[in-house]
Student: 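My questions all concern the structure below.
Labels below follow one simple rule: chain letters A, B, ... track the order of the sequence lines, proteins then strands, and each chain is numbered from 1.
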There are 2 protein chains.
Amino acid sequence: MMDVARLAGVSHQTVSRVLNEHKNVSEQTRLKVRAAIAELGYRPNRTARALVTGTSKVIGVVAPNTALYGPSSMLTAFEQAAQESGFAVNVGSVRSLNERSIADAVERHLDQRVAGLVVIAPVASAGPALARLPEDVPLVTIDGDPQRASTLVTVDQVAGARAATEHLLAAGHSTVWHISGPADWFDAAGRVQGWEEALKAAGAEQPPLLTGDWSAESGYRNGKLLARLPEVTAVFTANDHIALGLLRALSEHGRRVPEEISIVGFDDVPQSAYYTPPLTTVRPDFDAVATASVELLLEQIDSGTPDASTRRTIAPTLIPRDSVAPPPPR
Amino acid sequence: MMDVARLAGVSHQTVSRVLNEHKNVSEQTRLKVRAAIAELGYRPNRTARALVTGTSKVIGVVAPNTALYGPSSMLTAFEQAAQESGFAVNVGSVRSLNERSIADAVERHLDQRVAGLVVIAPVASAGPALARLPEDVPLVTIDGDPQRASTLVTVDQVAGARAATEHLLAAGHSTVWHISGPADWFDAAGRVQGWEEALKAAGAEQPPLLTGDWSAESGYRNGKLLARLPEVTAVFTANDHIALGLLRALSEHGRRVPEEISIVGFDDVPQSAYYTPPLTTVRPDFDAVATASVELLLEQIDSGTPDASTRRTIAPTLIPRDSVAPPPPR
DNA sequence: CCGAATTCTGTTATCGATCGCCGCAAAAGG
DNA sequence: CCTTTTGCGGCGATCGATAACAGAATTCGG
């Protein structure tokens, strides 16, 4: 910076002012400084700036360390959005979603003096870890506890699940079965709730809930059971991978989809259009979630007021494909 | 730090020594300082340290901004490995893999004063961007150009593809077709090469190469064509998603897998065991790639010698499932 | 045409650590 | 018993930026 100042014939402070787009610097010197910067190929040292300002142009993201489609696609979408606002992204993945490891990940980020935090915290155990956070750090929670008072961005799981269930009921099915995600995930709970609501609203009988863990394997395991129950004609699965396992199990038992059994998934993974048959599913807009999160976080960072307690809900859309048909005549 | 020093009755310098595990500090004062640190809950400011040392405990990762299974699972594996060595990870994803955007991502990381860089650079266009990197920054390239002289960690694409092709030939097929990945990806090129080698070694005729783009859609598109060629009995696809699209196309044309056509994929995505039929595939060990990368990078960082030009190759393993069978009698 | 307000720019202190050098005490050597 | 080495710990400078304050130049109202 000193070199630039010398070349431009000004003080280092003036260079700093140009860099930070302060007013009160004449057009003439501004140009001189700009020229000197360009000539020397000077790039400011963000570390030094971070030291004196006490904050950095870095956002910390805490995400579960899984290959799950949702979290991983949000991560990249998130990085993209941050980048467009001039922020870098520090990831701190957590192997398991318990309070301790989330708290650790948060600590690591705080050590790095991040400007704000985004936490993908889809389970209840994340709550306490976040509660002990210093008051003044900007925070956005994604898919977090709907009850907690903090800035929250969520996919409207309930509405998505309701749409899926209603779609099956509208096709003529008397009721709809559900294979859920892990019980401690808010996402899974929301989808169960939407499913229940739709059944109740339609006056349909509610079959027992089957529980999966997002994996195709769990869909397969539950599918083995469903395949043997002749009264099952429609199933809504908590995600597309469970649906895939279910399709596999049904196919092994010779039960045809959608002729005998209709299925709706959730997530719209890019492959689901090529399942056998192509899967009707619900698409949450992960890009929108990421964009909204960055937006809310930057608002907090700029304003200095950490917790506005606003929440943003992203509505998913139903993608009809070939895995839904009217029930077979009995 | 001053507060800690005061409480321990020493100077700030001694506190720093304790923190950095310098020798020349007596056991007695070390304990006093440790106690003071614990009592005050002091955490060193990494930003200040980064400023004076000129480097940070942060590694930059450049990865393509895709939902592709390989890159995204390496990203999380990578973060995990770095974390265990006390490093944080800064991600800089790139939307498209051209020279310009890769160079930009690298610049952003350098601005942050990262200690080293890992670049997932599976295309040739990444080369020039990396060539212009300052000499002294530790760098590990993943799945990069096998010809370039730089520290490189790769999955042995050729061996994996050879194994897949040989597996099909061993089942009795007279030749094997191949749907490749995008031509500009090294991964794709390696798999094509392994396929060619295996065919040549077996004296099998080499069918024309079909080109995909990793997506199920491209597998489907090519599958529509293959389904109409009665002589096709075995196909090796560049990844599992292409195989899924292929399965779909074959199923639509009433061609049965594996009775009429055998298929082998690549990647072993968690879902491939539940495709219809379960897919025989080749599993690259992404965790091993990540671990090796971090290891090599830390070696460079510690030793101060940036470019050791070592390379580490991870051998993939064939996972036999149900999508391979002998060819139908003719 | 002068004093006051307003721009512009420079000087110095500061963020929180590490590094180099120096002094002092205790241990080793003659 | 005195000198030399070694171990321990302190003082001040430093990294590269921004913040606060103050001085110089300019504009403006009366």
Student: Not counting sequence neighbours, list each pair that qualifies as a side-chain hydrogen bond (donor to acceptor under 3.5 Å, both in side chains) and has a residue in residues 1-10 of chain B.
Tutor: Asp3(B)-Arg6(B)
Student: Below 4.0 angstrom, N of the basic side chain to O of the carboxylate: do Arg100(B) and Asp104(B) qualify?
Tutor: yes
Student: Backbone N or O of Ser72(B) within a donor-acceptor pair of the Ser72(A) side chain at under 3.5 Å?
Tutor: no
Student: Is it the case that dG16(D) (base atoms only) and Arg113(B) (side chain only) share a donor and an acceptor within less than 3.5 Å, ignoring hydrogens and angles?
Tutor: no
Student: Is it the case that the side chain of Ser11(B) and the backbone of Gln13(B) share a donor-acceptor pair, with hydrogens and angles ignored and the cut-off at 3.5 Å?
Tutor: yes
Student: Determine yes or no for a side-chain-to-main-chain donor-acceptor pair under 3.5 angstrom, with Thr53(B) supplying the side chain and Thr55(B) the backbone.
Tutor: yes
Student: Using a strict threshold of under 4.0 Å (side-chain N to carboxylate O), is an ion pair present between Arg132(B) and Glu99(B)?
Tutor: yes
Student: Could you check whether any side-chain N or O of Thr151(B) sits under 3.5 Å from a backbone N or O of Val140(B), counting only pairs where one atom can act as donor and the other as acceptor?
Tutor: no
Student: Could Arg95(A) and Glu84(B) be called an ion pair, given the rule that one side-chain N must be under 4.0 Å from one carboxylate O?
Tutor: yes
Student: Under 4.0 Å, heavy atom to any atom of DNA chain C: which of residues 35-53 of chain A qualify?
Tutor: Leu51(A), Val52(A)
Student: Check the distance between dC8(D)'s P and Arg17(B)'s CZ and give it to me in whole angstrom.
Tutor: 11 Å
Student: Please report the distance, rounded to the nearest Å, between NZ in Lys57(A) and C1' in dT18(D).
Tutor: 15 Å
Student: List in chain and number order the residues that pass side-chain hydrogen bond (donor to acceptor under 3.5 Å, both in side chains) with Arg43(B), two or more places apart in sequence or in another chain; answer none if no residue qualifies.
Tutor: Glu107(A), Asp111(A)
Student: Indicate yes or no for a side-chain donor-acceptor contact from Thr14(A) to the backbone of Val10(A) under 3.5 Å, with no hydrogens or angles considered.
Tutor: no
Student: Would you say the side chain of Asp143(B) lies within less than 4.5 Å of the side chain of Met74(B), judging by non-hydrogen atoms?
Tutor: yes
Student: Look only at the side chain of Arg17(A) and the backbone of Val25(A), and say whether a donor-acceptor pair between them is shorter than 3.5 Å.
Tutor: no
Student: Once you round it to whole Å, what is the distance between P of dG9(D) and CZ of Arg6(B)?
Tutor: 19 Å
Student: Give me the distances for all protein-to-nucleotides 22-27 of chain D N/O pairs that come in under 3.5 Å?
Tutor:
none

Student: Without decimals, in angstroms, what is the distance between Met1(B) CE and dC11(D) C1'?
Tutor: 13 Å
Student: Where the side chain of His109(A) meets the backbone of Leu117(A), is there a donor-acceptor pair that is under 3.5 Å apart?
Tutor: no
Student: Considering only heavy atoms of chain B and a distance under 4.0 Å, specify the first and last nucleotide of DNA chain C in 5' to 3' order that meet this criterion.
Tutor: dG16(C) to dG20(C)
Student: Could you identify which residues of residues 20-33 of chain A place a heavy atom less than 4.0 Å from some atom of DNA chain C, listed by residue number, or say none?
Tutor: Asn24(A), Val25(A), Ser26(A), Thr29(A)
